[in-house]
Undergrad: 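After the structure tokens below, expect a handful of questions from me.
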Number of protein chains: 2
Amino acid sequence: MATTIKDIAKMAGVSAATVSRVLANKEGFFGSSTAKKVREAAAKLGYRKNTSATELVTRKSHDLAVIVNATKTNFSNHIIDGIQAAAFPKDLNVIILYAGDFDAERQRRAINTAVNRSVMGILLLSVEVNDDNLDLLKSAQIPFCFLSISETDESLPFITSDDEEVGYLATKYLYQQGHRNIGIAGINYKNAITGELRLHGYKRALKEFKLQENPDWISAGDYSYESGELAMSTYGRNTKLTGIIAGSDMAAIGIMNQARSLGLSVPDDISIVAIDGTELCEIVQPQLTSVSQSFYEMGTLGVDWLLNKDKKVTKTITPIKVIERQSVKRLTGKNSF
Amino acid sequence: MATTIKDIAKMAGVSAATVSRVLANKEGFFGSSTAKKVREAAAKLGYRKNTSATELVTRKSHDLAVIVNATKTNFSNHIIDGIQAAAFPKDLNVIILYAGDFDAERQRRAINTAVNRSVMGILLLSVEVNDDNLDLLKSAQIPFCFLSISETDESLPFITSDDEEVGYLATKYLYQQGHRNIGIAGINYKNAITGELRLHGYKRALKEFKLQENPDWISAGDYSYESGELAMSTYGRNTKLTGIIAGSDMAAIGIMNQARSLGLSVPDDISIVAIDGTELCEIVQPQLTSVSQSFYEMGTLGVDWLLNKDKKVTKTITPIKVIERQSVKRLTGKNSF
DNA sequence: AAAAGCATTGTAAACGTTTGCGTAAAATGT
DNA sequence: ACATTTTACGCAAACGTTTACAATGCTTTT
């Protein structure tokens, strides 16, 4: 039904091999007059290359799979933008697959589709894989790289912010603004390395600045709006906290809105610094001061890494910085010392 | 290199055909003892099916392509969630392809990858295709359907809200709340049907309620935050407007923030109703009253449509409703009559 | 006990492309 | 004028599956 190179061959009066060479632009393997005939025939017949056949024989793909979890945060788009931007000039098609949130089965299926199609590389966007799926990933001989997530296993390649530093920097910033009672909320430090590291950085800063660590001020969550809300209502109206670090922009907004519900004003009564720094920080009022990550860059570096032959470096760190907006108040006087 | 069905056949002492049948679970075509042998061998060898080969011979795919434009709005996720939910039980893999914003070339490439892979169907998420790309889409014998966008061409299948009604309903709601000077902003009515229809609904409502139409109150845009901001600053501090319809949630937020910058309070000085009704409406303060669309449902209906054999119905309308939150003030007294 | 049906398996062709090899003609060198 | 290289192209195998058809041995029916 669909036209094949044989149809073109017949119409152009050449062999299928020649058609293939012309259409693949194998320079120097065909004459210009035949080339024209072939191309005209192809156009006339509305030829469409069959990717399956090509991939079957060449055993390689021009597709790059991105597996994202249906996350409640919203920076994925930025990373994907970066990936697209880097992939486009290299003529790579980016295909995006959703893995459920922490649904192992959906995750497995996503990895499987990527692997069975023998894509040229797999980028995993803030997805935590379980051991089975990791094996699956490894057993296929396809390069893969985690993005926006830290791994402890030194052999696993990943590109992300220095998460320990993220936690440290946020804390330090609040400290420098005069805050002494600093909480952290909405991060998952229970079974995810990224969260652990951030918490660790937070604690390191506390120690360095000789601030007391209060377990009640550390509130676990899943980076969602709701976990921000929840944390803030647990802290309560009369909290001693003057500054809170939020695991994500969404969590920060949850905190802020809940604070407001409690009759607390941001930043006058309570300061917030968000981790991520997406556009959400700017559309909300007051705008959120953030420790901003380089999401776009994670994307571009991700495809660079896949394209790079010698996969020696496994850990790549992208820059972070605090962007001052309006959600942190500078404390002076007795509050600060 | 990678293990094939033949390797399994050898190890299990059967033919490749049998292996194929077992692995594809063609019930009634193999004995249970051979089945076990085959499956064990497959597991031991770490067999992974080659999708290209399968698709080549069967000429069909279990993949469903979703083409989304890198939109500045944010409801795509909801539609995609719906698609995933409907596709999962049918064992369809959803692969998502980004087309640039209005970049015809990127669009072409996205369509091409989908078509060349002969996916079983294509869903286009609020993407407007040009004529060439439409031809491309049609010439492939693959069912496709537009989501979250209206089409005039009766032969093109699409699933979306009744856009004319969206505009009408938003206007009517504001009217019922006592507003008489109603503007509309951030929608693209210049070269997109969706926007045209909404504007038309708006005008119809004005006419029905005998309100005057003022060209200055109709502000074109692209549904973005920025276009909301811009519209509001053009309206200015001393606008006669009491109510504004925003093309999207993001646009609504842009309007709201800009209004605030001008010293106007929402909803006391100016009311806003957003079109879309995503979670953004709820995280912002005041929360945005919206004409909410059924995005999730568009997704599920989309895959239903693709799966449906007789593709007779080309136009499917999903429900809309206004969700009252906090951004619209009820006007009484002299303002309203 | 022959005929017919069924369950199970194998054989081989087909899907549409790429590419190593071979070859004829044309171009180049001597 | 002959040897050599280059250019342009065809032939045919290969990629890993699926599946129509045939073949085998059983079981059931009559």
Undergrad: Taking the six-membered ring of A:Phe88 as reference, does the NZ or CZ atom of B:Arg106 fall below 6.0 Å from its centre and within a 45° cone about the axis?
TA: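 Yes, a cation-pi geometry holds between B:Arg106 and A:Phe88.
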Undergrad: Taking the side chain of A:Thr18 as its heavy atoms from C-beta onward, which of C:dG10, D:dC9, D:dT17 lies nearest to it?
TA: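 The answer is D:dC9.
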Undergrad: Would you indicate what A:Ser20 reaches in the nucleic acid, counting non-hydrogen atoms under 4.0 angstrom: base, sugar-phosphate, or nothing?
TA: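 Base contact.
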Undergrad: Between B:Thr54 and D:dT17, does any side-chain N or O lie under 4.0 Å from OP1 or OP2?
TA: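 Result: no.
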Undergrad: Among the nucleotides D:dC9, D:dT19, C:dG16, which one has an atom lying closest to any side-chain atom of A:Phe30?
TA: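 Taking heavy atoms from C-beta onward, the closest nucleotide is D:dC9.
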Undergrad: Do A:Thr18 and A:Ser15 have side-chain N/O donor and acceptor atoms under 3.5 Å apart?
TA: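 Short answer, yes.
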Undergrad: Looking at A:Ile83, A:Ile159, A:Leu147, A:Ile317, which hits side chain to side chain contact (heavy atoms under 4.5 Å, CB included) with A:Leu301?
TA: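 Looking at A:Ile83, A:Ile159, A:Leu147, A:Ile317, the match for A:Leu301 under the side chain to side chain contact (heavy atoms under 4.5 Å, CB included) is A:Ile159.
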Undergrad: Expressed as a whole number of angstroms, how long is the span from B:Ile5:CD1 to D:dT17:P?
TA: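 So the CD1-P distance, B:Ile5 to D:dT17, works out to 5 Å.
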Undergrad: Provide, to the nearest angstrom, the distance between the CZ atom belonging to B:Phe29 and the P atom belonging to C:dC6.
TA: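 Rounded to whole Å, this separation is 13 Å.
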Undergrad: Using whole Å, what does the distance between atom C1' of nucleotide D:dT19 and atom CG of B:Leu23 come to?
TA: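 One finds 15 Å between C1' of D:dT19 and CG of B:Leu23, rounded.
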Undergrad: If each of A:Thr58 and B:Lys26 is mapped to the nucleotide of DNA chain D with the nearest heavy atom, which maps nearer the 5' terminus, i.e. the 5' end?
TA: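 Upstream on the strand: A:Thr58.
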Undergrad: State whether B:Thr34 places a side-chain N or O below 4.0 Å from either non-bridging phosphate oxygen (OP1 or OP2) of C:dT9.
TA: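 So the side chain of B:Thr34 is within the cut-off, an N or O lying under 4.0 Å from OP1 or OP2 of C:dT9.
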Undergrad: I want to check one thing: is the phosphate of C:dG10, taken as OP1 and OP2, less than 4.0 Å away from some side-chain N or O of B:Arg21?
TA: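 For C:dG10, OP1/OP2 do not have a side-chain N/O of B:Arg21 under 4.0 Å.
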Undergrad: Name the one of B:Tyr223, B:Phe295, B:Tyr296 that satisfies ring-ring contact (aromatic ring centres under 6.0 Å, His included) with B:Phe75?
TA: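 Single ring-ring contact (aromatic ring centres under 6.0 Å, His included) partner of B:Phe75 among B:Tyr223, B:Phe295, B:Tyr296: B:Phe295.
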Undergrad: Closest to the B:Lys49 side chain: D:dT18, D:dT19, C:dG16?
TA: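 Looking only at heavy atoms from C-beta outward on B:Lys49, the closest nucleotide is D:dT18.
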Undergrad: Grab the CG-C1' distance between A:Asn50 and C:dA14 for me, whole Å please.
TA: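 My rounded result for the distance is 13 Å.
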Undergrad: Can you tell me how far P of C:dT19 sits from CG of A:Leu56, to the nearest Å?
TA: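 Result: 12 Å.
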Undergrad: Would you mind telling me which of C:dT19, C:dG10, C:dT17 lies closest to the side-chain atoms of A:Ala17?
TA: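 So the nucleotide nearest the side chain must be C:dT19.
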Undergrad: Distance check needed: D:dT6 C1' versus A:Glu27 CD, whole Å only.
TA: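 It is 17 Å, rounded to the nearest whole Å.
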Undergrad: Determine whether the side chains of A:Asn93 and B:Thr113 contain a donor N or O and an acceptor N or O closer than 3.5 Å.
TA: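 Distance-only check fails for A:Asn93 and B:Thr113.
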Undergrad: Across the strands shown, which category fits A:Thr4 at heavy-atom distances under 4.0 angstrom: base, sugar-phosphate, nothing?
TA: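 Sugar-phosphate, backbone atoms only, no base.
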Undergrad: Among the candidates C:dG10, C:dA14, C:dT17, find the nucleotide nearest to the side-chain atoms of B:Val57.
TA: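 Out of C:dG10, C:dA14, C:dT17, the nucleotide with an atom closest to B:Val57's side chain is C:dA14.
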Undergrad: Using whole Å, what does the distance between atom P of nucleotide C:dT17 and atom CZ of A:Arg48 come to?
TA: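 Taking CZ of A:Arg48 and P of C:dT17, I get 12 Å after rounding.
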Undergrad: In whole angstrom, what separates B:Lys10's NZ from D:dG16's P?
TA: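 It is 12 Å, rounded to the nearest whole Å.
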Undergrad: Look at the side chain of B:Arg59 and decide which nucleotide, out of C:dA12, D:dG10, C:dC15, has an atom nearest to it.
TA: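 Within the option list, the nearest is C:dC15.
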